[in-house]
Amino acid sequence: MALSPPPSALPQMRTLEKVALLLVPVFLAALIFALNFSGEFHLLSRGNLRLSAFTSPTPDGQSAAAPPPGPEFRLLMGILTLGNRYLPRHRLRMLHALQPPVAAQIDVKFVLCNLSRDDEKTLVALEVMLYDDILILNCKENMNGGKTYSFFSSLPGLFGGGANGSGRPYDFVMKADDDTIFMFPKLVESLRIQPREDLYWGHLVPAANGLPLFMAGMAYVLSWDLVEWIASSETVKNHTVGPEDTVVGEWLRDGGRGKNVRSTRAPHLNFDTKPVSYDYPYPPYTFVPNTISVHRLKDDDKLAETLRYFNVTAGFKPSKFYHL
Ligand SMILES: *[C@@H]1O[C@H](CO)[C@@H](O)[C@H](O)[C@H]1NC(C)=O
Ligand SMILES: *[C@@H]1O[C@H](CO)[C@@H](O)[C@H](O)[C@H]1NC(C)=O
Ligand SMILES: *[C@@H]1O[C@H](CO)[C@@H](O)[C@H](O)[C@H]1NC(C)=O
Ligand SMILES: *[C@@H]1O[C@H](CO)[C@@H](O)[C@H](O)[C@H]1NC(C)=O
């Protein structure tokens, strides 16, 4: 229900700019490689490059020839949205492309159910051709009618992976809303130290009034083993309708899963610290510098205020061609 953006992007971006200027040919080669061999836009998001791989010359003064190390983890970020929500997708693609580099692979997919309108079929086809970041599930569009189940349960079939943990395509899978923005460096900082098994990570809402402990729908993460379990469980399949975030908490409670509960009241279950994933700061939430995500950024004013707080436009270059 609420998340927040990362704050410390600016100094890192300045450093990156200097490095990038020196290494334009390297980046061009990497871009050409990514375009030729993957055809997937998400590989251009610098998600799996480590800045340190470009900044540490060897002792004899030659630049390090070793390939960048592999990503620390792989995250599939599934953003549930609707066919005609072109503007939220546009905002998120811009914000993702402007993130500082991180040492993890973050693959974003915008998740839809069957499109019913002809105009959407044509316009969404353009997005697929340009970005290839759309996932259309076999379902009728809904929010609390089982779309979240359709999402998680379709992933093993779509991406493969061994049932016993071998060859899993992702370490983690996130379900996020399309009005939640992220600070990738802070997200990676949090996820890299989490267990790869039985993980349930997010903005924790404690159990109360018969409802289970659950992570608010703005953004939560399950480890891949739980995704496979969801896809294979007959009891989960029987219980897909209801407030989607609460229902996930019920699956895990009733199935005895998700024992590695991690709250974004950082670093762990510390209720004295301010949440780092939250709704646009409606009380009691406030912007905090180590924010991972901000949620409910539905209008331009709130989005712009949030981006200003986190200095997202600090790398903006003056020019005779424009003025703000
Ligand atoms: C944004 O930049 C200002 C000025 O450099 C700095 O004081 C502030 O801490 C930065 N905010 C965040 C969230 O990093
Ligand atoms: C979604 O679309 C596919 C392909 O047109 C169709 O086979 C399927 O029955 C549809 N599913 C639902 C739930 O409408
Ligand atoms: C589990 O992994 C082993 C090797 O690690 C493999 O031989 C076996 O087929 C796997 N089982 C399943 C169900 O994937
Ligand atoms: C599914 O739900 C129905 C109705 O609540 C129940 O009768 C049935 O036993 C359930 N099946 C499973 C596998 O849980």
Side-chain angles (χ1 to χ4, degrees), residues 2-18 51 78 80-84 95-96 98-102 109-125 127-128 134-155 157-158 180-190 230-231 236-242 244 247 264-267 273-281 285-295 297 301-318 324:
L3 280 179
S4 69
S8 62
L10 281 187
Q12 293 175 52
M13 289 177 76
R14 291 199 186 107
T15 309
L16 174 63
E17 282 161 18
K18 288 177 199 154
L51 186 55
L80 272 59
T81 181
L82 301 174
N84 65 359
L95 291 173
H96 294 163
L98 290 168
Q99 296 278 331
V102 290
K109 291 284 186 197
F110 293 101
V111 181
L112 308 173
C113 288
N114 277 2
L115 299 175
S116 52
R117 296 175 51 99
D118 286 342
D119 58 338
E120 291 179 5
K121 289 179 184 179
T122 302
L123 298 181
V124 170
E127 296 180 75
V128 171
I134 301 276
L135 182 55
I136 302 184
L137 305 171
N138 180 358
C139 50
K140 194 167 160 355
E141 202 56 79
N142 69 83
M143 185 161 86
N144 291 322
K147 182 171 180 177
T148 294
Y149 174 76
S150 300
F151 169 58
F152 285 119
S153 64
S154 67
L155 296 179
L158 288 168
T180 300
I181 72 167
F182 289 88
M183 306 299 165
F184 282 7
K186 296 297 174 189
L187 174 65
V188 170
E189 215 175 278
S190 174
I230 289 167
V236 168
K237 191 178 185 175
N238 213 15
H239 175 35
T240 61
V241 177
E244 67 92 20
V247 165
T264 52
R265 293 169 192 267
T273 54
K274 292 191 170 66
V276 291
S277 291
Y278 46 87
D279 290 335
Y280 166 86
Y285 306 122
T286 52
F287 284 134
V288 288
N290 57 339
T291 291
I292 291 173
S293 59
V294 183
H295 175 238
L297 297 175
D301 283 354
K302 288 176 186 149
L303 177 62
E305 183 192 343
T306 303
L307 299 182
R308 277 196 299 274
Y309 174 82
F310 292 105
N311 294 321
V312 170
T313 59
F316 183 84
K317 299 274 191 310
L324 297 178

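Atoms within a ligand are numbered from 1 in the order they appear, just like the ligands themselves. Since we're looking at a predicted model, the values are computed, not measured. Values below: all heavy atoms of this structure, side chains included; hydrogens, waters and symmetry mates excluded.
Taking every heavy atom of N311 and a limit of under 4.0 angstrom, the matching atoms of ligand 1 come to 1 (C), 2 (O), 3 (C), 8 (C), 10 (C), 11 (N), 12 (C), 14 (O). Of all atoms in ligand 1, numbered sequentially from 1 with element shown, those under 4.0 Å from a heavy atom of Y309 are 11 (N), 12 (C), 13 (C).
Counting heavy atoms from C-beta on, the side chains of T264 and P275 never come closer than 4.5 Å. The side-chain heavy atoms of S153 and K237, taken from C-beta on, include no pair separated by under 4.5 Å. In this structure the side chain of P185 reaches within 4.5 angstrom of the side chain of Q99, judged on heavy atoms. Side-chain contact between I134 and V124: present, with at least one pair of heavy atoms (C-beta onward) separated by less than 4.5 Å.
Note: Y280 and Y285 fail the aromatic proximity criterion, with ring centroids not under 6.0 Å apart. Ring centroid separation for the pair F182 and H96 does not come in under the 6.0 Å cut-off.
Residues satisfying the side chain to side chain donor-acceptor pair (under 3.5 Å) test with S154, not counting sequence neighbours, are none.
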Anything under 3.5 Å between an N or O on ligand 2 and a protein N or O? List each pair with its distance, or write none.
| unit_1 | atom_1 | unit_2 | atom_2 | d |
| --- | --- | --- | --- | --- |
| ligand 2 | 2 (O) | N114 | OD1 | 3.1 |
| ligand 2 | 2 (O) | N114 | ND2 | 2.3 |
| ligand 2 | 11 (N) | N114 | ND2 | 2.9 |
| ligand 2 | 11 (N) | N138 | OD1 | 2.5 |
| ligand 2 | 14 (O) | N114 | ND2 | 3.3 |

